[in-house]
Amino acid sequence: MTELHGRAEELLGRELERFEREHPRSGELARPASGSLLAGVPMHWMLRWPGAYPVYAAEAAGARFRDVDGIEYVDFCLGDTGAMTGHSPEPVVHAVAEQAARGITLMLPSEEALWVGEELTRRFGLPRWQFALTATDANRFALRLARRITGRPKVLVFNWCYHGTVDETFATLRDGRVVEREGNLGPPVALDATTRVVEWNDADALRRELAHGDVACVLAEPALTNIGIVHPQPGFHDSLRAATRETGTLLIIDETHTLCAGPGGYTSAHGLEPDLLTVGKAIGSGIPSAAYGFSAEVANRVEAAIDRDESDVGGVGGTLAANVLSLAAVRATLEHVLTEEAFTQMIALGERFEQGVKGVIDERDLPWHVTRLGCRVEYLFRRERTVTGSDAAAGGDLLLDRLIHLYALNRGILLTPFHNMALMSPATSEGDVDRHTEVFGEIAGELTGG
Ligand SMILES: Cc1ncc(COP(=O)(O)O)c(C=O)c1O
């Protein structure tokens, strides 16, 4: 154990005590919760929060929320991107309330669907769209359709990717073999039956795996965001597009997180040309909604494959998908909240956050680094930037993660529980960012004994 880790252990004990002292009401609610809720939480990922129990939320607005103990927080987690819009933005609250009073779900289209389809085309460039309720579902449906129209069984993903709870994507490389990721609960089949895996930025491995001719599609975030941020190296996207085209493999770009790069995500900011594109989480300000888009060629192939009389049992879609409430929320979000101007402001705040963290790391000479994609910033506990998911995974540090999250939480700052991610919303202020820099400086000082 390094000196830094020894100090971290001590600080963690102190911070855990402080957490319990200052969050008695959350504690009172957490105790009986194990009677009625599996694992004592309404969704088991909430076990990842760093205290003895999660704080219970009372209310949220903009970039802040208050817990049941009356403590106010600056929220950089923002529902792990679901609330990248800021919590409950006024135009969306208004549109949702209006729509809820006029119908919620009908299995019929509304005019909003047309507006949203056209706006998604304007932003991302793909001409045709379908809707789902979660990004997980958008990815699942995109994979199914890719398999259907190519007639190929497999999917290729990058090592340490995350695309939602999609069976095929919970694969990783161990000694060069495709195996299931640790923690994967109840996979239906061995992962090497469905999935090929290569390291991000490894164009040679990509070509080698696609050469088998059995891969329907590559599903990729345009930069990995779920194991820290791992940017593509120059030329990697060109290689990816060329290799997929040469082998008749479809390219699905998942913009669920990388929407942080701008109004049309990374795809528009960097001129990517995917065959399909998926996006979810923030597009409805957190009202369950997601979309998947098709190039004209892929759309034609999919339309030719759909049997009208059997279209309700094709394994794609859902009763509540494309409901009128979701689409009203997506329209209000795209029209009034996640606008060009909002992104300009959010990205400037991301730069400020990055500079603040970098300043502390440099000043303390910590063996860490910070990366940014648009308005998403992440710090990782290794000195150099990472090139692959495996590099990034090796830079993870559960103890430091837990300590920094708890230390920040105890000082009114919420970071995403799964990694050290901070996201800027249109409601985030420079003062919020500077507060984080101050707290990050304090923990760095305590860890280095200065
Ligand atoms: C890139 C990416 N795609 C898809 C998803 C799935 O989103 P959801 O859990 O809302 O279905 C996630 C979730 O973190 C994600 O990071």
Side-chain angles (χ1 to χ4, degrees), residues 41-48 76-85 124 130-144 146 155-172 181 183-185 195 197 200 217-232 240 251-261 265-267 272 274 276-293 316-318 320-322 326 329-330 333 371 373-378 389 392-393 415-423:
V41 282
M43 203 269 287
H44 73 269
W45 300 4
M46 293 179 194
L47 297 171
R48 291 287 310 264
F76 289 107
C77 166
L78 294 169
D80 192 15
T81 310
M84 187 173 89
T85 49
F124 295 105
Q130 284 283 279
F131 301 102
L133 292 181
T134 65
T136 295
D137 270 354
N139 282 328
R140 289 180 43 233
F141 302 154
L143 295 190
R144 272 184 167 259
V155 168
L156 185 144
V157 294
F158 291 99
N159 209 15
W160 293 96
C161 69
Y162 185 77
H163 295 283
T165 48
V166 179
D167 287 320
E168 294 90 332
T169 62
F170 281 103
T172 192
R181 262 181 89 156
N184 186 10
L185 300 169
T195 311
V197 182
W200 181 240
C217 59
V218 172
L219 173 61
E221 283 194 279
L224 301 184
T225 67
N226 282 296
I227 186 76
I229 296 171
V230 190
H231 288 276
L240 172 59
L251 175 60
I252 307 175
I253 291 288
D254 179 348
E255 287 279 7
T256 301
H257 276 182
T258 48
L259 183 60
C260 61
Y266 194 102
T267 292
L272 305 187
L276 295 101
L277 182 147
T278 56
V279 63
K281 293 202 183 187
I283 62 165
S285 298
I287 297 287
S289 44
Y292 49 118
V316 169
L320 300 181
S326 295
V330 176
T333 302
T371 42
L373 178 64
C375 63
R376 173 182 297 267
V377 191
E378 180 109 21
L415 297 165
T416 312
F418 318 115
H419 27 118
N420 302 297
M421 188 275 281
L423 201 59

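Keep in mind the model is a prediction, meaning the values are calculated, not measured. Note that ligands are numbered from 1 as they come in the structure, with each ligand's atoms numbered from 1 the same way.
Side-chain atoms of Leu373 and Tyr266, non-hydrogen and from C-beta on, do get closer than 4.5 Å to each other. Counting heavy atoms from C-beta on, the side chains of Phe418 and Trp45 come closer than 4.5 Å. Considering only heavy atoms from C-beta on, Met84 comes within 4.5 Å of Cys375 through its side chain. Contact of the Arg140 side chain with the Asp167 side chain is not registered, since no non-hydrogen atoms from C-beta on lie closer than 4.5 Å. No side-chain heavy atom of Asp137 sits under 4.5 Å from any side-chain heavy atom of Tyr292. Contact of the Thr81 side chain with the Met421 side chain is registered, since non-hydrogen atoms from C-beta on lie closer than 4.5 Å.
Closest protein heavy atom to atom 7 (O) of ligand 1: Ala135 CB, 3.4 Å. Remark: minimum distance from atom 14 (O) of ligand 1 to any protein heavy atom is reached at Lys281 NZ, 2.6 Å. Atom 3 (N) of ligand 1 has its closest protein heavy atom at Asp254 OD2, 2.6 Å. What sits closest to atom 6 (C) of ligand 1 on the protein, heavy atoms only, is Gly164 CA, 3.4 Å. Looking only at protein heavy atoms, the nearest one to atom 11 (O) of ligand 1 is Thr136 OG1, 2.6 Å.
At a 4.0 Å heavy-atom cut-off, ligand 1 does not touch Thr278 at all.
Each of the following atoms of ligand 1 lies closer than 4.0 Å to a heavy atom of Glu221: 1 (C). In the vicinity of Asn139, heavy-atom distances shorter than 4.0 Å reach the ligand 1 atoms 3 (N), 4 (C).
The nearest non-hydrogen atom to atom 15 (C) of ligand 1, considering only Thr169, Ile253, Asn226, comes from Asn226.
Using a cutoff of 4.0 Å between basic side-chain nitrogens and carboxylate oxygens, Asp80 and Lys281 are scored as salt-bridged.
Taking any N or O of His257, backbone or side chain, at least one lies under 3.5 Å from an N or O belonging to ligand 1.
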